[in-house]
Amino acid sequence: MPRPIEALIHTDALAHNLARAREQAPDARVWAVVKANAYGHGIERAFEGLRGADGFALLDLEEAQRLRALDWRGPILLLEGCFEPRDLELCSRLNLWHVVHCEQQIDWLAAHKTHQGHRVFLKMNSGMNRLGFRPQALRSAWARLNALPQVDEISLVTHFSDADADRFGANGIAHQMAVWQAATHDLPGERSLANSAATLRHVSDAGVRADWVRAGIMSYGGVPDYPEHDAAHWGLLPGMTLRSKLIATQDLQPGDSLGYASSFVAEAPLRVGVVACGYADGYPRHADTGTPILVDGVRSRTLGRVSMDMLAVDLTPVSGAQMGSEVTLWGRGPHGSLLGIDEVARAAGTIGYELMCAVAPRVPVGVA
Ligand SMILES: Cc1ncc(COP(=O)(O)O)c(C=O)c1O
């Protein structure tokens with residue numbers, strides 16, 4: 001009998017979340033961002049829910065090949081472009097659109113032998129300072145690309161660092177928007193600016209909606225601006241459930257400690273459940289006592305240290321719980337219950353993105 005832990009991917013929720021991105025920006029096209037193996041959901045599984053997207057954005061050529069193997073013939077965008085010159089061969093062969101963020105990538109294109117005109121997304125660094133041409137270098141990069149016979153069409157792209165919060169005394173994107181508008185207003189071509197946070201918070205601005213939005217975390221039901229807003233506020237549904245079962249119960253007496261480092265000590269008689277889930281499954285080890293968790297769909301809290309294969313839960317709110325009771329680490333629980341991945345992430349000092357990407361290979365994954 002395998003350990004009872006499993007992850008479930010909810011393709012109906014992915015489709016719903018994608019529809020939310022469309023509702024937010026009805027006049028834009030939507031990239032479903034499926035990098036990092038669809039944020040841990042699995043490209044093939046996520047594809048079932050996200051195939052209604054106008055395109056898929058990712059980083060790895062291998063993942064692009066997997067999408068083409070699923071018979072996806074629409075746009076695929078490589079968000080970081082090519083990592084070496086021979087990547088361009090695959091771009092030509094698989095008709096991959098690619099970001100160009102530095103001079104070297106233009107050099108590679110200029111040397112690339114192809115009959116297939118490439119669609120490139122010229123990336124501007126509007127303030128994130130990771131990838132892209134600074135505003136003063138954008139025009140000459142655009143002119144270089146425009147002169148290349150290998151280039152069929154040039155679009156423009158940038159990425160926001162702070163779309164998830166009001167910062168810098170403004171809405172978090174105003175400073176980048178000002179830089180972007182000044183540098184690009186008279187350049188032709190389609191544009192893509194908005195990630196999930198911008199798609200949820202800022203798309204009333206047509207300049208932010210632009211031609212393409214890039215829906216990453218929201219496609220999976222993660223909330224980019226939690227805890228200011230939650231999934232219910234944005235109308236998002238969890239794309240993934242991580243669930244397991246109780247494999248033991250213990251009755252602690254006052255003064256009894258629990259687990260490694262005795263970090264939890266019972267002050268009164270306490271019934272606890274032991275869950276088949278630990279950090280080797282991808283559950284965050286830094287989730288302290290008090291991290292929310294569902295037992296038989298009833299909200300409770302974790303107790304003590306998370307160990308490699310097990311964690312403990314307070315059974316006070318669920319008197320009927322016993323060995324075999326269902327435990328929801330995040331996602332959909334029984335009887336219509338829900339536990340947001342962002343809540344769990346926050347209790348562990350991280351973000352939902354990291355948890356969904358970190359589910360361990362040993363956890364069997366099913367499609368709900
Ligand atoms: C260039 C780019 N666009 C879009 C996204 C999607 O972001 P999110 O998952 O916050 O929607 C990312 C994610 O890091 C990114 O790097």
Side-chain angles (χ1 to χ4, degrees), residues 13-14 17-25 28-41 43 46 49-50 53-60 63-64 75-83 96-102 105 120-133 155-165 167 172-173 176 180 190-203 208-226 228-229 231 234-236 238-240 341-342 345 350-358:
L14 301 185
N17 296 333
L18 183 71
R20 283 288 301 120
R22 282 204 189 288
E23 253 169 46
Q24 289 290 111
R29 276 158 287 160
V30 180
W31 297 107
V33 181
V34 293
K35 64 197 176 92
N37 199 22
Y39 289 46
H41 294 63
I43 294 269
L50 299 176
D54 298 296
F56 289 90
L58 42 68
L59 311 180
D60 278 312
E63 290 182 346
I76 297 178
L77 176 64
L78 299 177
L79 286 166
E80 294 180 358
C82 295
F83 300 102
L96 307 179
W97 301 359
H98 50 105
V99 161
V100 169
H101 64 76
C102 64
Q105 289 178 329
V120 297
F121 278 67
L122 176 60
K123 180 148 187 172
M124 186 179 125
N125 172 9
S126 55
M128 174 78 139
N129 293 321
R130 288 194 317 194
L131 300 180
F133 292 88
S155 305
L156 300 170
V157 60
T158 196
H159 193 46
F160 295 123
S161 57
D162 293 84
D164 60 327
R167 293 197 189 105
I173 64 166
Q176 284 186 258
W180 167 263
E190 292 192 345
R191 284 142 163 79
S192 175
L193 293 84
N195 56 0
S196 296
T199 301
L200 292 170
R201 294 171 68 97
H202 303 298
V203 279
V208 176
R209 286 198 305 278
D211 300 292
W212 294 86
V213 298
R214 305 191 299 275
I217 194 71
M218 69 175 294
S219 304
Y220 307 98
V223 182
D225 61 353
Y226 185 85
E228 184 184 339
H229 296 115
W234 291 124
L236 301 174
M240 178 194 287
I341 195 168
D342 305 291
T350 183
I351 50 176
Y353 297 71
E354 187 180 11
L355 297 192
M356 52 181 80
C357 290

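Both ligands and their constituent atoms are indexed starting at 1 by order of listing.
- The closest protein non-hydrogen atom to atom 6 (C) of ligand 1 is Y39 OH, 3.4 Å.
- Remark: the E190 side chain and the S155 side chain contain no N/O donor-acceptor pair separated by less than 3.5 Å.
- Atoms of ligand 1 lying under 4.0 Å from any heavy atom of G216, numbered from 1 in the order shown and given with element: 8 (P), 9 (O), 11 (O).
- Among all protein heavy atoms, the one lying closest to atom 10 (O) of ligand 1 is Y353 OH, 2.6 Å.
- The N/O atoms of A197, backbone and side chain alike, include none that comes under 3.5 Å of an N/O atom in ligand 1.
- Side-chain contact, R214 with S192: a donor N or O sits under 3.5 Å from an acceptor N or O.
- Applying the ring-ring contact (aromatic ring centres under 6.0 Å, His included) test to F160 and every residue at least two apart in sequence or in another chain returns nothing.
- If you check which protein heavy atom lies closest to atom 11 (O) of ligand 1, you get S196 OG, 2.5 Å.
- Less than 4.0 angstrom separates some heavy atom of R130 from each of these atoms of ligand 1: 16 (O).
- In the vicinity of N195, heavy-atom distances shorter than 4.0 Å reach the ligand 1 atoms 7 (O), 11 (O).
- The aromatic rings of F121 and W212 stand perpendicular to each other, their planes meeting at an angle above 60°, with 30° marking the opposite boundary.
- One option in H101, M128, K123, H159 has a heavy atom closer to atom 12 (C) of ligand 1 than any other, and that option is H159.
- Ligand 1 is never approached by E80 to a heavy-atom distance shorter than 4.0 Å.
- Taking N37 as the reference, R66 meet the side chain to side chain donor-acceptor pair (under 3.5 Å) condition, with sequence neighbours excluded.
- Using a cut-off of 4.0 Å between Lys/Arg side-chain N and Asp/Glu carboxylate O, K35 and D60 are scored as not salt-bridged.
- Residue, atom and distance of the protein heavy atom nearest to atom 4 (C) of ligand 1 are R214 NE, 3.4 Å.
- Between K35 and ligand 1, a contact under 3.5 Å exists for at least one N or O pair.
- Aromatic ring centroids of F133 and H101 lie 6.0 Å or more apart.
- Using modelled atom types and a 3.5 Å distance limit, the side chains of T158 and Q176 yield no donor-acceptor pair.
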